[in-house]
Amino acid sequence: MKVTLSLLSVLAYFGQTATAGDPGQAAWHLDNLYPLATERLDPVVSPNGVASHLHRIVGGSAFGANYNYDQYNGASCSTAAVQADKSNYWMPQLFWRENGTYVPLKAGTRFYYFLHRNKPDEAVKPFPPGLRMLVGNLNAKSYAETGLPTGALNFICLKNHFSTPNGDTAGPDFNFDIDCPQGLVTTVRFPTCWDGVNLYKSDGSHMKYTDNLQFGVCPLSHPVRIPGIMLEYTWQTYAYRPGVPLRNKLIWANGDTTGYALHSDFVNGWDTDILNQALNDPDCLSGDMTMTACPTLAMYMNLGTAQNCQPQRGVLESYQDFQPIGALPGCNLPWSSGPKPACNPSVPNPAIPNNLKGTDGSLTYSGPPYTNTTTSPPNTWTRQGCIGGATSLANSFQYADAAMTQAKCQSTCGEWGMQYSGLMSGQYCVCGSDVDPGAFRYADSNCNSPCAGDSTKTCGGNGKLELFRNPSATVVNHPGVSDPQYIGCRRTGGSGNALTAASINYDSMTIEWCKNYCTAQKQTLAAISFGRTCTCGNAWANGGGTPYPQNQCNTPCKGNTQQICGGPQITLSTFNLTLPKGGPSGSPSASASSVSTRISASASSGPSGAVTVTKTVTVTAACSNPAGRRRNHRDMKIFGDA
Ligand SMILES: *[C@@H]1O[C@H](CO)[C@@H](O)[C@H](O)[C@H]1NC(C)=O
Ligand SMILES: *[C@@H]1O[C@H](CO)[C@@H](O)[C@H](O)[C@H]1NC(C)=O
Ligand SMILES: *[C@@H]1O[C@H](CO)[C@@H](O)[C@H](O)[C@H]1NC(C)=O
């Protein structure tokens with residue numbers, strides 16, 4: 001009897017449902033994959049050598065100790081019913097261990113391809129020619145040690161699947177305390193996001209899972225969405241020992257008795273043109289379906305060829321299902337914890353015949369790019385998509401504007417030399433110099449908050465950034481300000497002043513006056529706000545000094561209405577006094593320097609930088625009061641009139 005899980009019940013294990021008619025929710029399954037070989041070969045991990053343990057291999061007939069894409073794509077047949085797929089798929093062989101004998105179990109094999117998309121209008125891409133993947137850790141003794149996300153490996157005990165598909169039992173490993181009357185299912189889910197460059201990395205870094213295993217969206221570092229393979233072997237435990245509980249009876253070919261050594265390999269041998277055609281064929285993308293229901297693939301379906309397909313290069317060795325042997329092939333003693341047991345004497349390996357050897361070809365992709373790198377005209381902001389929150393941008397700062405628009409945010413980020421501009425929750429703007437390569441991309445529908453200042457456009461979503469990029473925006477350029485010591489319109493501190501060494505109010509405040517005052521205080525940074533408040537320090541404090549849009553510094557200086565001295569509320573005009581000064585207009589006059597000397601002398605007497613210089617200067621203890629940050633224009637008037 002052939003046992004298969006229905007797609008719906010498999011999806012139910014993961015709280016996912018396939019929606020008919022939505023191409024972004026489609027899934028294919030292929031139920032007819034026949035065994036090709038059971039031997040100690042692994043062209044991915046042990047090219048041209050003997051693999052450390054026995055594998056159960058399905059797929060293309062060109063399998064060997066090593067091969068390249070031309071060879072395996074050119075295989076004469078495949079044990080997968082769709083003959084356009086000459087890929088190889090494998091898992092370790094599973095054995096029943098009882099009374100000192102090891103019995104290789106027979107398995108029915110099938111797979112799913114989950115076809116979730118990064119974006120509704122972006123089709124899943126075919127596997128690149130030559131792609132290889134390895135999932136799992138053959139030394140793992142716990143799920144955590146596999147390093148895989150939850151759900152990547154699964155063990156399911158089938159009880160009476162056809163009449164009660166939801167009555168099956170999922171386990172953390174293969175040691176079920178019950179028998180499995182319709183078999184033990186082991187599944188491996190492969191990552192679906194490729195970096196677009198590397199066809200294989202032994203540390204697996206060329207591939208990544210989405211933020212939701214095989215269903216979410218790919219990180220920006222691995223943008224190419226390929227089909228999400230779920231390889232499923234249903235081991236016929238019931239055929240060898242009906243009624244016997246599985247606990248302590250199963251062992252993987254590498255000696256593992258916990259089950260966590262489950263791992264799987266994939267080598268892409270697809271005719272990628274045919275696969276691409278199917279991935280773009282609306283008739284192949286309506287919910288969950290067998291590959292036979294996809295007209296593009298049905299043309300290549302041939303069950304007879306699949307059943308009769310044999311390894312065309314011969315085999316290294318041959319093991320028969322259900323034929324007991326006295327020990328696991330290779331050095332693979334039973335192993336449940338700690339380091340792998342050694343073999344004494346050591347076990348000799350068979351020699352690899354030349355016809356099984358080969359070369360793997362380049363492991364770097366060199367075909368046409370899978371993703372379009374958008375080349376935008378200079379100095380324009382191009383939409384990049386909807387990505388994870390504010391932490392997705394490097395060297396970032398953010399601010400809110402109750403009338404936020406996309407253009408306002410872009411202009412601010414440009415002003416501060418930041419090439420990334422992200423909008424969030426309708427009214428936040430986040431600027432950054434770079435995107436975290438691990439940041440996740442989300443469907444555009446997640447960026448659905450209308451801009452607070454222009455409801456015809458969207459400004460990100462809840463915790464999601466609507467990202468724009470302008471590669472030309474790398475030079476800081478504050479519009480309308482020529483003072484070379486000016487370092488921008490910035491925010492005051494959250495719980496106190498942004499500069500804390502000295503502070504003074506002066507109703508004849510000018511930029512020069514504040515700079516001279518701070519120089520006299522031996523401070524390198526000067527900040528002016530409310531048209532009349534000058535603060536000094538050597539470093540930003542209280543979370544202040546973060547960038548703000550230049551147009552939020554708009555309050556004329558009390559002593560020179562042609563100059564800007566910060567804003568009416570939370571913004572500061574800031575100056576770095578270690579930078580070279582500009583021309584004659586910025587030079588201090590003799591009287592200015594004498595003012596600074598005078599202030600300096602009296603300032604030293606104040607306990608916390610509070611000074612009284614003349615009648616027009618007010619002691620400014622209130623500026624370092626936490627409540628000071630909430631002063632609005634009206635408070636300032638009262639304060640200033642005091
Ligand atoms: C193993 O030995 C036990 C005890 O002799 C016996 O009951 C059992 O049937 C044996 N198992 C197999 C597979 O022969
Ligand atoms: C890249 O962009 C061009 C022009 O817009 C388009 O014709 C082509 O299909 C795109 N390629 C991919 C892989 O998206
Ligand atoms: C001020 O300018 C100096 C260079 O003269 C620079 O090293 C320093 O980081 C600047 N400080 C701030 C807060 O911008």
Side-chain angles (χ1 to χ4, degrees), residues 93-106 174-176 178-181 183-184 235-251 257 319-328 334 395-397 399 412-413 415-418 431-433 474-478 481-494 496-503 511 514-519 521-529 534-550 553 566 571-582 586:
Q93 174 66 44
L94 186 66
F95 289 82
W96 187 278
R97 177 174 62 125
E98 197 173 345
N99 300 346
T101 62
Y102 297 81
V103 179
L105 294 171
K106 188 173 178 176
F174 62 27
N175 281 309
F176 288 90
I178 48 176
D179 71 319
C180 301
L184 166 73
W235 304 95
Q236 299 181 4
T237 51
Y238 56 88
Y240 181 64
R241 290 290 272 149
V244 179
L246 306 190
R247 182 169 293 280
N248 296 332
K249 294 290 191 289
L250 299 177
I251 185 167
T257 58
Y319 291 90
Q320 301 303 310
D321 291 338
F322 299 130
Q323 295 302 305
I325 51 180
L328 294 176
N395 303 314
S396 69
F397 65 87
Y399 71 97
T412 301
C413 298
E415 174 195 329
W416 285 95
M418 296 288 190
C431 303
S433 61
T474 50
V475 179
V476 178
N477 175 24
H478 302 295
V481 184
S482 55
D483 185 330
Q485 291 186 322
Y486 184 68
I487 54 169
C489 183
R490 293 169 184 259
R491 200 190 183 291
T492 55
N497 283 350
L499 295 176
T500 54
S503 168
I511 289 172
C514 179
K515 285 184 181 181
N516 288 332
Y517 170 70
C518 292
T519 303
Q521 304 294 314
K522 300 193 168 27
Q523 302 300 313
T524 55
L525 297 173
I528 320 176
S529 53
C534 171
T535 54
C536 316
N538 281 324
W540 301 114
N542 295 315
T546 55
Y548 233 68
Q550 178 56 33
C553 281
T571 50
L572 308 166
S573 295
T574 63
F575 301 86
N576 185 338
L577 306 178
T578 67
L579 295 170
K581 289 188 181 184

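In what follows, residues are counted from 1 in the order of the sequence shown. Both backbone and side-chain heavy atoms feed into the values below; hydrogens, waters and symmetry mates do not. Just so you know, these numbers come straight off a predicted model, no measurement behind them. Indexing begins at 1, ligand by ligand and atom by atom, following the structure's order.
- Between Phe322 and Tyr240, the ring planes lie parallel to each other; the angle is under 30°, not in the 30° to 60° tilted range.
- For ligand 3, the atoms sitting less than 4.0 Å from at least one non-hydrogen atom of Trp540 are 13 (C), numbered in the order shown with element in parentheses.
- Donor-acceptor pairing under 3.5 Å is recorded for the side chains of Thr578 and Asn576.
- Applying the salt bridge (charged side-chain N to carboxylate O under 4.0 Å, His left out) test to Arg247 and every residue at least two apart in sequence or in another chain returns Asp177.
- Considering Thr500, Asn497, Leu525 in turn, Leu525 is the only one that fulfils the side-chain contact (heavy atoms from CB on, under 4.5 Å) rule with Trp540.
- By the 3.5 Å distance cut-off applied to N or O atoms, Thr578 is counted among the residues near ligand 3.
- Contacts of Leu525 with ligand 3, taken as heavy-atom pairs under 4.0 Å, involve the side chain alone.
- Cysteines Cys518 and Cys534: SG-SG separation is not under 2.5 Å.
- Residues Thr524 and Asn538 bring a donor and an acceptor atom of their side chains to less than 3.5 Å of each other.
- Close contacts between ligand 3 and Asn576 involve ligand atoms 1 (C), 2 (O), 3 (C), 8 (C), 10 (C), 11 (N), 12 (C), 14 (O) [criterion: under 4.0 Å to a heavy atom].
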Can you produce the list of protein nitrogen or oxygen atoms under 3.5 Å from a nitrogen or oxygen of ligand 1, alongside each distance?
residue	atom	partner	partner atom	Å
ligand 1	2 (O)	Asn99	OD1	3.0
ligand 1	2 (O)	Asn99	ND2	2.2
ligand 1	11 (N)	Glu98	OE2	3.1
ligand 1	11 (N)	Asn99	ND2	2.9

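- Taking 4.0 Å as the cut-off between side-chain N and carboxylate O, Asp179 and Lys249 do not count as a salt-bridged pair.
- Glu415 places no side-chain N or O within 3.5 Å of a backbone atom of Val476 that could act as its donor or acceptor partner.
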